[in-house]
Amino acid sequence: MKKIRFSSILFGAAITLAVSTSCKKQLNQSPKYGFNAEVVYSDPNNYINVLAKLYSGLSMTGLSGPAGAGDIAGMDEGFSAYVRVLWNLQELPTDEAVCGWSDPGIPALNKSEWNADDGWIKGMYYRIYYQIALCNEFIWQSRDEKLNERGFSQADRDKIKTYRNEARFLRALSYYHALDLYGNVPFVDANDRVGAFQPERITRPELFSYIESELLAIEDELLNPGIAPYGRASKSAAQTLLAKLYLNAQVYTGTPRYPDCKTFCEKVINSGAHQLDDVYQDIFLADNHTSPEIIFPVVYDGLVAQAYGGTIYLVNGAIGGAMIPANYGVNGNWGGLRVTPQFVDKFQDSTLDSRYLFFTTNQIKDFTEPDHLSQFKYGYAFPKFKNKTKAGLNGSNNASSPFVDIDFPMFRLADVYLMLAESALRLGDQGTALQYVNLIRTRAYFTSAFNVSSLTLDDILDERARELSWEATRRTDLIRFGKFSGGDYLWAFKGGEVAGISLAAYKELYPIPNADVILNPNLVQNSGY
Amino acid sequence: MKFKLSIFFFFLFILMTGSVISQKASIKGKITDQKSESVYNALISVSQSTLKTKSDPDGKYELIGIPVGPSKTTVEVTIKAMGYDDFTFTVELEPNQVLEKNIELTDGVKSFEEAIVIGYGTTRTKDLTGSATVINEKNFTQGSMSTPEQLIMGKVSGLKINTNDGAPGSGSTLRLRGGTSINASNDPLIVVDGVPLDNGGIAGAANPLSLINPNDIASFVVLKDASATAIYGSRAANGVILITTKKGSSGESPLKVVFDTKHSISTVAKYADVLSGDSLRALINRIGTPAQQNLLGDANTDWQRLVFRPAYVTDNNVSLTGGIKNFPYRLSFGNRIENGLLLRDQFMRNSVTLNLTPSFFDNKLQVEVNNKLVNTRSFFANRGALGAAYFDPTQPVYSDTSLYGGYYEWVGANGNPNTLAAKNPLGLIRQREDQSDVWRFIGNAKVTYKIPFVNGLKAVVNGGIDQSEGTGATLTDSNSASGYFTRGSYSQYRSNKGNKLIEAYFNYNNSNGKGNQFLVTDLTAGYSYQDWYSSSPNWAAYNQAKDSIIGPAAEFPFYTKNSILSFYSRGIFTIKDRYILNASLRYDGSSRFSPEARWGLFPSVSAAWVISDERFFKNYMKKINMLKVRAGYGVTGQQDGIGDYAYISNYFVGTQTAQYIFGPDTLLVFRPSGFDANLQWEQTSAINIGLDFGILKDRFSGSIDLYQKTTTNLLAVVPVAAGTNFTNEILTNVGSLSNTGIEFSFNAGVFANKNSRLDVMGNASRNINRVIKLSQLEDENSIGVQVGGISGGIGNTVQVHRVNYATFSYLVYEQIYDANGAPIQVGQQATIDINNDGQITATDKWKDIHAYVDRNGDGVININDRYIANKAAADWFLGLSLNYQYKKWSFGLSMRSELGGYIYNNIHSNSGTFQSVNGTQGFLNNISSLYYEDEIRKIATNQLLSDRYLEKADFLRVDYFNVGYNFGKLEIFNDKVGLNAAFVVNNVFVFTNYSGLDPEIGGGIDNNIYPRPRMYSLNLTFDF
């Protein structure tokens, strides 16, 4: 009997073993659609689609437009759009914009009352490092030895090499934003593979050098402006970013680099690929991809590139009160964004300066009570971005959705002119400064009658405000001119008071989000936070 | 194919049962105990028949219609009564004979010997070393239920069941002994007739469990502690619920037909308390801005009463039960039509089940085949209309134009619908069609073969499948305000899901029914394989006319699959019938982890000592008939709730609406998803100590259990160091949490006399949940993981998972109140002397005063001043059921209570402030009457995160009350038809101090929920 029992067990064990080995293979499951890295990078035709994602990291918020499968977790997807967070951090704490919404972190930005747990500060930070991680992966996957391994043709290798340099540009751009907004940050490059590790900290001057070296290395490798398809980074894009880096070098490293700024501005201008648009307003319309002025855009489209961020926010968010959405080519009146009276006062002339684009009907210019911040009727509205074509037609959404065709001009020629003028003036060359400032004034007024004959640095700052309003550069400009913190220059809600009060100097840098400081002991919180 | 098979069997049985012609005999008599007192409610049954009866209060019984052959037939009659030994006798019966037989029962304890279903087999209740609770049909919740889990609501200690809302077919949240995880699943594993179910949602079904007809269920067994569940290893960390459906009766027995019909009316128990049109007008005219006043209408519309209605529900079931030779069968049909409280909401279910339990070769080969085929058809009324209470009551229902279907809508300056405004609730319902059709088949075949020559050894092979297909379409009228900009919408969906199970095991048991052996050994060893897939096509969304695409299709269809392979073994050793040792071991491999981390080992060991069987105890403690202590330890795993491919770096293709444009080329994007190559099993180890007792022949019996569960390698979504992954938050194994608790349950026969009997069943559970660790690096200053999004602004959260606190604790500001007890409002200016110069000057007044306590004293109010105030989960869960019988009348009552939990009243914090009236964006909203409590109106921002909005969620809910009358055999049907009638009220009453609609809120954040209906039902059960 014992024997039989033993054999039964043996028999059972044999069956079990037989079935189980066949089933063991079933434990290797992989997605039917979607593919792993090896599969993606084995086909040279796929690289451009990954590159498209690196670019769309600046415009879109996730895999499905307008929302769904978001890139950044832990916050509302629409709030996580690169241009939207960048814009909020660069504009809301300045004289150029107020937002009436009570969503967490918005009033804090307006009142300079943020802290290291604020959502927007986290949102920008994680968006920057999301871009950097994606770029690193692409840069690693497309390095020469990998391409050789995969046996691609020379033509494919050349093409991919350019993509790779564009990825390096995009990474440098995001590191530039990290440098400007956060200062001393974690550093990861393509040699860091995905996994649990704690990146080293890089100081602001070190990061400056890294970005500079990266941009210098790729400057000549990128496509020529005019040859590069619209939307992709050309040599001019890298040169403009270098100019911005040098213009603010004093802030970032303590050492001014104005001659270098001037050099790279001239390179951009001398390429001849970009010209000032004839009409200022046209740079911010639905068909602004035809504008000769835009050096590096962030592309949106009402049908094929939809997200609740970027220019969509700048159009819909600025519509409220008596404004009719259809007049701006959208169907949303999100009623949030206006400007401070101090910004309105920068315009000497409300009728002749074509950059005076305020909507004033039923709007009250001044803020006098704390809760005026949340009421759209206080502060002039500023529909600078409009989803209408030059011909006055609707965009591709036919005004029946909030999604616009307007590309966000991340870099444009007027900015280069003003950077050149500023560095020239700082180097004592009033003539060059006047030349470029007046080019811009002439365009704005459609006549040279309002040209100026002398310039101070403050004039340049004011000209930048008028010309580059709502283009996410104001905070950096105010800091460079020493007017962001301190009490020399006040505007509504600066420091949290309706009339504005002095702001502590440490607020010139945003804090590193606490969440990352906790996770990464290599990091040091910026002082004051 | 399998559906056709079921139909074939159905006809086969109709034919077979119809051909059986039999003759009848009867037995009657009186049942008494040893003191000659009559025994009431004893169950008398006859072998080879479903025939059963119960003794009346005088102990008398009568069994009519016992099937007998043409000559003498031997039948076996069994009498079971609580507190007595079973009594069995055999008699020879002739056709038409009426035998009289009086029976005297001897005292005994028999409930203890009952078989209980455990994982992969059954055991005697006595031999149970773990914590398990059985709920049989007689203790089920009464009334008209759409889903099975509602049958045991509040009946099992430690098992908290909350219906999610009152929508027809709506699901429930089940939590056994608290949740063991944060981001992996916290749902218990549900096994129906041996097939573990896929608990994921099915498109078109409100709840996957609604595809099981509760009327077919015979019993639930809830396995609670790890020593009982570890045999299910990988999926059992949150407990296991074994559902057994009704089967045919063994042996030869005639067809028994039961027809059960229920008719109910659902009513709205409570409406949200909001302002009337007149009140809102008065308020806005008093304190509103001119812009708000201009928007006011002059109507008085009660939107809630327009969209809610009393609704009719009916549930009809027919079952045919019988046995032909060794071929017992049960076939049942069910139909339920449930109209929802929300206008147009409807749920319809048709079900067929066929269970066959034949045996062959002298019972050597036993086969069990269970088939359940269910179809539900639902019409989903637009849930957007649940916000009806907050639509401006000063506006009329209809406009005087034909625009937007004639419904009044908020429009902008150019007459287009205002995209930010709520839409007309009635229009939302009337202008959308949303229908679904879902099929689900659950079937299994289990073959048990008693291996010859080896006494007590059997081999079991079980194969099962669970297939579902949900299809549906949603259509929005192009003439509606919500469909205006897209010219309506039309979208279709389909989801196919399925899982298949193959398992085989050997079981050896040497008891052989010979009794008192010194050592009884029960050994089980086996293997199982199960896989799950889910797929849905990538369909685009169109406008109503279907001539333009408004939502492009994804690049690929959706398909995902995972599998688990397991080996398991268990040994139960019973020494001298009173010392029981149980050990099990399970080894699971999951496709969701990398080959290196794939396998998990889940052991358990437990022991029990039946003290009452010891001689010393028997001699001295005569009143205590049973006393058993149990102790067990086990480890279970968890991998449900994580993605199927979360350990691999994969690229996915973006939609056509999220492309990027390079010059003339529009490009789809390829995005890598974040991944964690080192993902591994989450493990929960648990200790359980228990005590079971029975006093006075089990007249009073119960259990006490103490447990501690510790989860390690906790699967939680946590931030990753910036720049190190393709995401900023990832699901990974991090940290641990614990659940500690105590449970009591009891059954009491309070009294039983000649005519009446009262039984009480109660339970109480206390669970303490605590996060032990929640990050790779421990940091005491960490705020934790913020969760619990609320409405009002975007991105506000009110809850947190933080070390040393319960999950879903509230993280809020401490509100400051003025001398009159009114909350200080943000932006309120000082009427006190801030600069302490003895007088109130403009400087003092200019300064804002804090609305919240500056807890860290740094002068600013920010997130660092938020503190943990209470938590969502209740501390205590209590359940109490009463059954009273008086002659042929029966009365039942069941209630449930939760104590110690808190609710964040989001309706008060958001819709109860003047802020939410809006008016600045071209429309008005109604607000909650809670507004009058504090009149927060001046503030720029709602004080959403104030602790003022936390309220105690304590409640006592009377789940049902029923009155029944057993008419017995009806004379008008020649005594051939029996009738049982009952009147049931469900959701009778809720006792609570909570100011909102309903204190039973999943997750603790109260926004609008679909109101739970109060239901009045008439149930009639006919048996033939």
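Quick caveat: nothing in here was measured; it's all calculated off a predicted structure. Proteins come first, then strands; the chains are lettered A, B, ... in the order of their sequence lines, and each starts at number 1.
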(request) Just give me the residue among I648(B), V653(B), T797(B), N418(B) that pairs up with chain A most often, heavy atom to heavy atom, under 4.5 Å. (result) V653(B)

(message) Check for me whether the distance between the ring centres of F35(A) and F652(B) falls short of 6.0 Å.
(response) no

(request) Tell me, out of G792(B), S535(B), G589(B), who's got the most heavy-atom pairs with chain A below 4.5 Å. (result) G589(B)

(message) Once rounded to the nearest 0.5 Å, what's the spacing between atom CZ of F558(B) and atom NZ of K32(A)?
(response) 11.5 Å

(message) With chain B as the partner, which of L54(A), T61(A), D301(A), D516(A) has the greatest number of non-hydrogen pairs under 4.5 Å?
(response) D516(A)

(request) Please state whether the side chain, the backbone, both or neither of W334(A) comes within less than 4.5 Å of a heavy atom of chain B. (result) both

(message) Counting only non-hydrogen atoms closer than 4.5 Å, does L373(A) touch chain B with its backbone (N, CA, C, O), its side chain (CB onward), both, or neither?
(response) neither

(message) Below 4.5 Å, heavy-atom pairs only: which of V188(A), I132(A), N115(A) has the largest tally toward chain B?
(response) N115(A)

(request) Can you tell which part of A307(A) gets under 4.5 Å to a heavy atom of chain B, answering side chain, backbone, both or neither? (result) neither

(message) What part of Q656(B) gets within 4.5 angstrom of chain A, counting heavy atoms only: side chain, backbone, both, or neither?
(response) backbone

(request) Hey, could you give me the CG/NZ distance between L668(B) and K53(A), rounded to the nearest 0.5 Å? (result) 12.5 Å

(message) Looking only at the aromatic ring of each residue, does the gap between the centers of F138(A) and F670(B) stay below 6.0 angstrom?
(response) no

(request) Scan side-chain atoms only and decide if Y651(B) and Y41(A) contain a donor-acceptor pair under the 3.5 Å cut-off. (result) yes

(request) Measure N46(A) against the heavy atoms of chain B and call it side chain, backbone, both or neither at under 4.5 Å. (result) both

(request) Tell me, for I564(B) versus chain A, whether the close heavy atoms (under 4.5 Å) come from the side chain, the backbone, both or neither. (result) backbone

(message) Please classify the contact of N562(B) with chain A as side chain, backbone, both or neither, using a heavy-atom distance under 4.5 Å.
(response) backbone

(message) Could you check whether any side-chain heavy atom of N864(B) comes within less than 4.5 Å of a side-chain heavy atom of D117(A), counting everything from C-beta outward?
(response) yes

(request) Using non-hydrogen atoms and a 4.5 Å limit, figure out which bit of L303(A) sits close to chain B: side chain, backbone, both or neither. (result) backbone

(request) Please state whether the side chain, the backbone, both or neither of Y125(A) comes within less than 4.5 Å of a heavy atom of chain B. (result) side chain

(request) Please state whether the side chain, the backbone, both or neither of F726(B) comes within less than 4.5 Å of a heavy atom of chain A. (result) both

(message) Using heavy-atom distances under 4.5 Å, tell me whether N333(A) contacts chain B through its side chain, its backbone, both, or neither.
(response) both

(message) What part of V304(A) gets within 4.5 angstrom of chain B, counting heavy atoms only: side chain, backbone, both, or neither?
(response) both

(message) Once rounded to the nearest 0.5 Å, what's the spacing between atom CG of N728(B) and atom OH of Y129(A)?
(response) 13.5 Å

(request) Sort F197(A) into side chain, backbone, both or neither according to what part of it lies under 4.5 angstrom from a heavy atom of chain B. (result) both

(message) For V194(A), is there any backbone N or O sitting under 3.5 Å from a side-chain donor or acceptor partner on T724(B)?
(response) no

(message) Let's test your reading of the structure: which of P552(B), G654(B), A722(B), G663(B) forms the most heavy-atom pairs below 4.5 Å with chain A?
(response) A722(B)

(request) Using non-hydrogen atoms and a 4.5 Å limit, figure out which bit of M75(A) sits close to chain B: side chain, backbone, both or neither. (result) neither

(request) Measure distances from P513(A) to the heavy atoms of chain B and classify the residue's part below 4.5 Å as side chain, backbone, both or neither. (result) neither

(message) Side chains of R598(B) and N28(A) only: does a donor on one sit below 3.5 Å from an acceptor on the other?
(response) yes

(message) Please rank P557(B), S594(B), G922(B) by heavy-atom pairs under 4.5 Å with chain A and give me the top one.
(response) P557(B)

(message) Which atoms of A69(A) are under 4.5 Å from chain B, going by heavy atoms: the side chain, the backbone, both sets, or neither?
(response) both

